[in-house]
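Contents: one structure, followed by commentary.
Per chain, numbering begins at 1; letters A, B, ... match sequence-line order.
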Number of protein chains: 2
Amino acid sequence: MIKFKNNEYQCSMELTIALIGGKWKALILWHLGDKTLRYSEMRKVIPNVTPKMLTQQLRELEDSGLVKRLIYTQIPPKVEYSLTKAGQSLLPILDTMCKWGQNYANEYEHNMQELKLAKEE
Amino acid sequence: MIKFKNNEYQCSMELTIALIGGKWKALILWHLGDKTLRYSEMRKVIPNVTPKMLTQQLRELEDSGLVKRLIYTQIPPKVEYSLTKAGQSLLPILDTMCKWGQNYANEYEHNMQELKLAKEE
DNA sequence: CACCAAAGTATCTAATTGGGTACTATATAA
DNA sequence: TTATATAGTACCCAATTAGATACTTTGGTG
């Protein structure tokens, strides 16, 4: 049993899923990597995300302490996003997940191919 | 860009999240580990899950090829769930995620403690 | 005959998540 | 004066996910 921000999790892996799960978070973290991106740049690299969702996910990542938000007080506005140390510590996991997914999709394709061939015999 | 079962993902890590994200899947996989569990046993180790959700998540995991379902044709019914090889290949990732979450929660707690002490000065 | 066990289904409802699109603020540039 | 750029908000609606609870199936047992 683990607690984080008024929520309880059976297993700390559930917490991890809660922090980086959802449709956009892992993608945002992954795109940030060791770079700094402005809001508008992020919309370009993740074209399918709506402004509402992007802002919402960034705020949640910020609340979780995974993303830093640097505001330049100028007009037109300029805001830069980057990973915190904690956010950076996730990169190896994201990388592993990425590779696992890639491999898994290939294997699956491969297995399907075998099944198909077997049926055609 | 990666494809899997009629869905497209920008990054294969998105696929991974799609396969093990959600509220119960990672927990189910983790509880299975290298064991075999019957449906009713699973309900005991994950008490909060409703029968509907448990069945649904198990079916999806089965469709993804991560979980095996072994039906004994007898009455009353007996069904055993276990991880496939692909499912087992996820265990190291789940373990890492688990440890990361644990560590992250501790660090967070620690940082909050520091902030609190700083304020009290 | 009535009841039990195990593994679910069925049905309805609630909560969460996601999306579309229009709008805002404001210094600077043309 | 009007337009522009940037980082968002506001509002309303759709889709997905989750939950509660009751019901089903069927051979064996008392």
Tell me whether the OP1 or OP2 atom of D:dA20 has a side-chain N or O from B:Thr50 closer than 4.0 Å. no

Tell me: CD1 of A:Ile17 to C1' of D:dT17, nearest whole Å? 15 Å

B:Arg38 side chain near B:Tyr81 side chain, heavy-atom distance below 4.5 Å: no

NA contact type, A:Arg59, heavy-atom cut-off 4.0 Å: base, sugar-phosphate, or nothing? sugar-phosphate

Output the rounded distance in Å from CZ (B:Arg38) to C1' (C:dA7). 9 Å

Here the distance between atom C1' of D:dA18 and atom CH2 of B:Trp24, to the nearest Å, is 9 Å

What is the distance from OH of B:Tyr72 to P of D:dT26, rounded to the nearest Å? 22 Å

To the nearest angstrom, how far is B:Ile75 atom CD1 from D:dT26 atom P? 7 Å

Please determine, by modelled atom types, if B:Tyr9 and B:Lys3 share a side-chain donor-acceptor pair under 3.5 angstrom. no

Between B:Lys23 and C:dT16, is there a side-chain N or O to OP1/OP2 distance below 4.0 Å? no

Given 3.5 Å as the limit, does a donor-acceptor pair link the side chain of A:Glu14 with the main chain of A:Gln10, or not? yes

Here the distance between atom P of D:dT21 and atom CG of B:Leu54, to the nearest Å, is 18 Å

Using a cut-off of strictly less than 4.0 Å, decide whether A:Arg69 has a side-chain nitrogen or oxygen near OP1 or OP2 of D:dG8. yes

Let me spell it out: for each of B:Lys52 and B:Glu80, pick the nucleotide of DNA chain C with the closest heavy atom. Which residue's pick is nearer the 5' end? B:Glu80

Between A:Tyr108 and B:Phe4, what is the ring plane arrangement, given parallel below 30°, perpendicular above 60°, and tilted in between? perpendicular

Closest-nucleotide ordering on DNA chain C, the 5'-leading residue of B:Tyr39 and A:Val49: B:Tyr39

For D:dA7, does either OP1 or OP2 sit under 4.0 Å from a side-chain N or O belonging to A:Ser40? yes

Does the B:Thr16 side chain pair with the main chain of A:Met97, one donor and one acceptor, at a distance under 3.5 Å? yes

DNA chain D: B:Gly22 or A:Thr55, which has the more 5' nearest nucleotide? A:Thr55

Would you kindly give the CD-to-P distance between A:Gln56 and C:dG18, to the nearest whole Å? 7 Å

Hey, which of these two, A:Pro77 or A:Pro51, hits DNA chain D nearer its 5' end, going by closest nucleotide? A:Pro77

Please state how far atom CG in B:Leu70 lies from atom C1' in C:dA7, giving the value in whole angstrom units. 14 Å

Please state whether the phosphate of D:dA18, meaning OP1 or OP2, lies under 4.0 angstrom from any side-chain nitrogen or oxygen of B:Gln57. yes

